[in-house]
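Here the structure is a predicted model, which means the values were calculated and not measured.
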Amino acid sequence: MVFEIPQKVEIIINILEKAGYEAYAVGGCVRDALLGRTPNDWDITTSAKPEQVKALFHRTVDTGIAHGTVTVLLEKEGFEVTTYRVDGEYEDGRHPKEVTFTACLEEDLKRRDFTINAMAYNPRKGLVDLFEGQKDLENKVIRCVGDPLERFTEDALRIMRAVRFSAQLGFSLEEETRKALSVLAPNLKHVSAERIQVELVKLLVSPHPDYLRIAYEAGVTREFLPEFDRCMETPQNTPHHCYNVGEHILHSLLYVREDKVLRLTMLLHDIAKPVVRKTDENGRDHFKTHASVGEKMSKEILRRLKFDNDTISRVSRLIRWHDLRPTPSPAEVRKAINVVGEDLFPMWMEVQYADNKAKSDYRGEEKAARQAGVRMTWEEIMEKGECVSMKGLAITGSDLIAAGMKPGKEMGSVLHELLDAVLENPELNKKEALLALAFAADKKLL
């Protein structure tokens with residue numbers, strides 16, 4: 001197998017080889033190149049020790065010197081060069097206690113996680129594939145290098161990585177690898193929430209976010225998202241749904257674009273349904289308040305997984321209003337934009353679309369028509385530049401004070417009343433008209 005590598009990578013390999021060392025492109029970049037993809041990064045592995053690498057290049061950075069990694073800078077572009085190594089004992093289920101440098105490429109490759117990530121390539125020597133990674137690429141299989149129980153015991157994050165690679169590539173898990181996931185899923189307690197978050201997001205924004213089902217079936221989600229497991233076990237006896245809560249969530253993920261906020265919203269939009277579910281005397285399920293309770297639960301879950309405040313805010317707001325159903329009338333749509341937020345309303349429409357697509361066909365055409373009408377009305381409102389929030393109001397508190405109104409709570413109430421009037425009738429959004437309305441509404445404030 002021959003493929004092109006970037007010129008700068010070849011330069012680094014050539015310099016190392018001329019100095020008497022071995023050097024190969026290794027890992028994910030080789031995998032992606034074999035798949036016909038453009039690698040994000042090109043990593044290099046070498047028999048040269050870190051100090052020997054540093055001696056050969058003018059500009060280097062000690063990015064992971066304890067583990068043998070030096071970043072070589074060529075024209076402001078960085079390439080990680082790592083010495084062949086053998087990992088010592090993994091005492092914490094995440095990091096080796098020590099690493100030992102070796103002159104043997106095979107020793108370095110056999111410590112890696114999956115066969116598709118354990119290949120190396122040299123422009124002159126070709127592909128080094130000791131564990132049939134290329135065959136697994138062709139067969140679309142994720143398989144551990146050697147004994148999967150050993151690989152997952154060494155580093156529990158590999159449990160998440162196995163599912164994530166499966167979702168990113170659309171590959172299945174080799175049977176022994178899948179079994180090992182189930183056995184060792186509890187070891188995820190050794191992994192920080194931040195690292196789990198990274199893998200979860202990569203899985204969610206992949207082409208196959210519904211492969212989270214694999215994690216559920218293997219008992220993996222139970223370790224970091226037990227609320228989702230409850231969803232997978234909660235039926236929805238209602239004509240609006242054809243799946244249980246969890247399967248509805250998994251299907252809805254497929255109907256929004258590969259965006260972190262949107263995918264997290266779909267993952268958690270019905271997370272409260274198991275908590276609020278009520279079944280009436282006819283056997284029909286109801287999930288009243290699931291949106292407001294879900295807003296609270298999503299905040300707790302996202303904080304637990306160490307998401308940033310902006311993501312938490314946007315996702316929880318979308319969940320709070322995901323079940324809002326305005327008609328396509330301009331007044332109702334303006335009010336909905338105001339409630340949801342002008343910034344999030346386009347995403348909110350995407351959430352509604354995905355939610356609807358993952359339901360049954362019951363009144364499906366009616367629901368789709370309403371959503372299409374709301375989108376068309378929104379586009380017209382935006383095109384006309386109509387007021388949909390306080391910042392678009394043609395009058396401010398300062399204007400009211402200048403006209404003689406006393407500042408205070410009552411003035412805030414007047415501003416909100418004016419906004420309500422403008423949301424109902426945008427023609428009122430003129431300073432003079434709003435001043436007249438304000439003082440007519442509450443003469444006691446003069």
- Message: Please evaluate residues Arg314 and Asp310 with respect to the criterion salt bridge (charged side-chain N to carboxylate O under 4.0 Å, His left out), reporting the C-alpha separation (whole Å), side-chain torsions for both, the decisive distance (0.1 Å), and the verdict.
- Response: CA-CA 6 Å; Arg314 290 196 287 161; Asp310 179 63; 3.3 Å; yes
- Hey, mind stepping through Arg213 and Glu247 against salt bridge (charged side-chain N to carboxylate O under 4.0 Å, His left out) and telling me if it holds? CA-CA 8 Å; Arg213 186 184 294 105; Glu247 283 295 332; 2.9 Å; yes
Scan the side chains in residues 25-47 for donor-acceptor partners under 3.5 Å anywhere in the protein, sequence neighbours excluded, and list what turns up.
from  : atom 1 : to     : atom 2 : distance (Å)
Arg31 : NH1    : Asn117 : OD1    : 2.5
Thr45 : OG1    : Thr82  : O      : 3.3
Thr46 : OG1    : Glu22  : O      : 2.6
Thr46 : OG1    : Ala48  : N      : 3.1
Ser47 : OG     : Glu22  : N      : 2.8

Please determine whether a side-chain nitrogen of the Lys or Arg among [X] and [Y] lies less than 4.0 Å from a carboxylate oxygen of the Asp or Glu.
X	Y	value
Glu199	Arg164	yes
Lys54	Asp62	yes
Glu176	Arg143	no
Arg303	Glu300	no

Distance alone, cut at 3.5 Å: any donor-acceptor contact between the side chains of [X] and [Y]?
X	Y	answer
Thr71	Thr63	yes
Thr279	Asp285	yes
Lys273	Gln236	yes
Glu223	Asn187	no

- With sequence neighbours excluded, tell me which residues meet side chain to side chain donor-acceptor pair (under 3.5 Å) with Ser172.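 If we apply the side chain to side chain donor-acceptor pair (under 3.5 Å) test to Ser172, skipping adjacent residues, there are no hits.
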- Residue list, side chain to side chain donor-acceptor pair (under 3.5 Å) with Thr221, at least two apart or on another chain: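 If we apply the side chain to side chain donor-acceptor pair (under 3.5 Å) test to Thr221, skipping adjacent residues, the hits are Asp229.
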- Nearest 0.5 Å please: distance from the CD1 atom of Ile337 over to the CH2 atom of Trp348.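 Here the rounded value is 9.0 Å.
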- Note on the structure: Rounded to the nearest 0.5 angstrom, the CG-CZ distance for Leu184 and Arg158 is 12.0 Å
- Message: Is the distance between the ring centroids of His241 and His251 under 6.0 Å?
- Response: no
- Check the pair Arg230 / Glu233 against salt bridge (charged side-chain N to carboxylate O under 4.0 Å, His left out), numbers first and verdict last. CA-CA 5 Å; Arg230 285 195 66 187; Glu233 297 151 10; over 6 Å; no
- Begin from the C-alpha positions of Asp308 and Lys260 and carry the test salt bridge (charged side-chain N to carboxylate O under 4.0 Å, His left out) through to its verdict. CA-CA 12 Å; Asp308 61 279; Lys260 179 176 79 169; 3.7 Å; yes
- Per the side chain to side chain donor-acceptor pair (under 3.5 Å) rule, which among Arg370, Arg325, Lys367, Arg375 passes with Gln352?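 Exactly one pass, corresponding to Arg370.
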- Item | CA sep, side-chain torsions, deciding dist, call: Asp323, His269, side chain to side chain donor-acceptor pair (under 3.5 Å) | CA-CA 9 Å; Asp323 225 21; His269 78 283; over 6 Å; no
- Item | Val145 to Leu109 - nearest heavy-atom pair and separation | CG1-O, 4.4 Å
- Task: Specify whether Tyr84 and Tyr24 have parallel, tilted or perpendicular ring planes, treating 30° as the upper limit for parallel and 60° as the lower limit for perpendicular.
- Result: tilted
- Message: With ring pair (Phe, Tyr, Trp, His ring centres under 6.0 Å) as the criterion, how do His290 and His322 come out once you've worked through the C-alpha distance, each side chain's angles and the decisive distance to 0.1 Å?
- Response: CA-CA 10 Å; His290 82 275; His322 81 272; 5.0 Å; yes
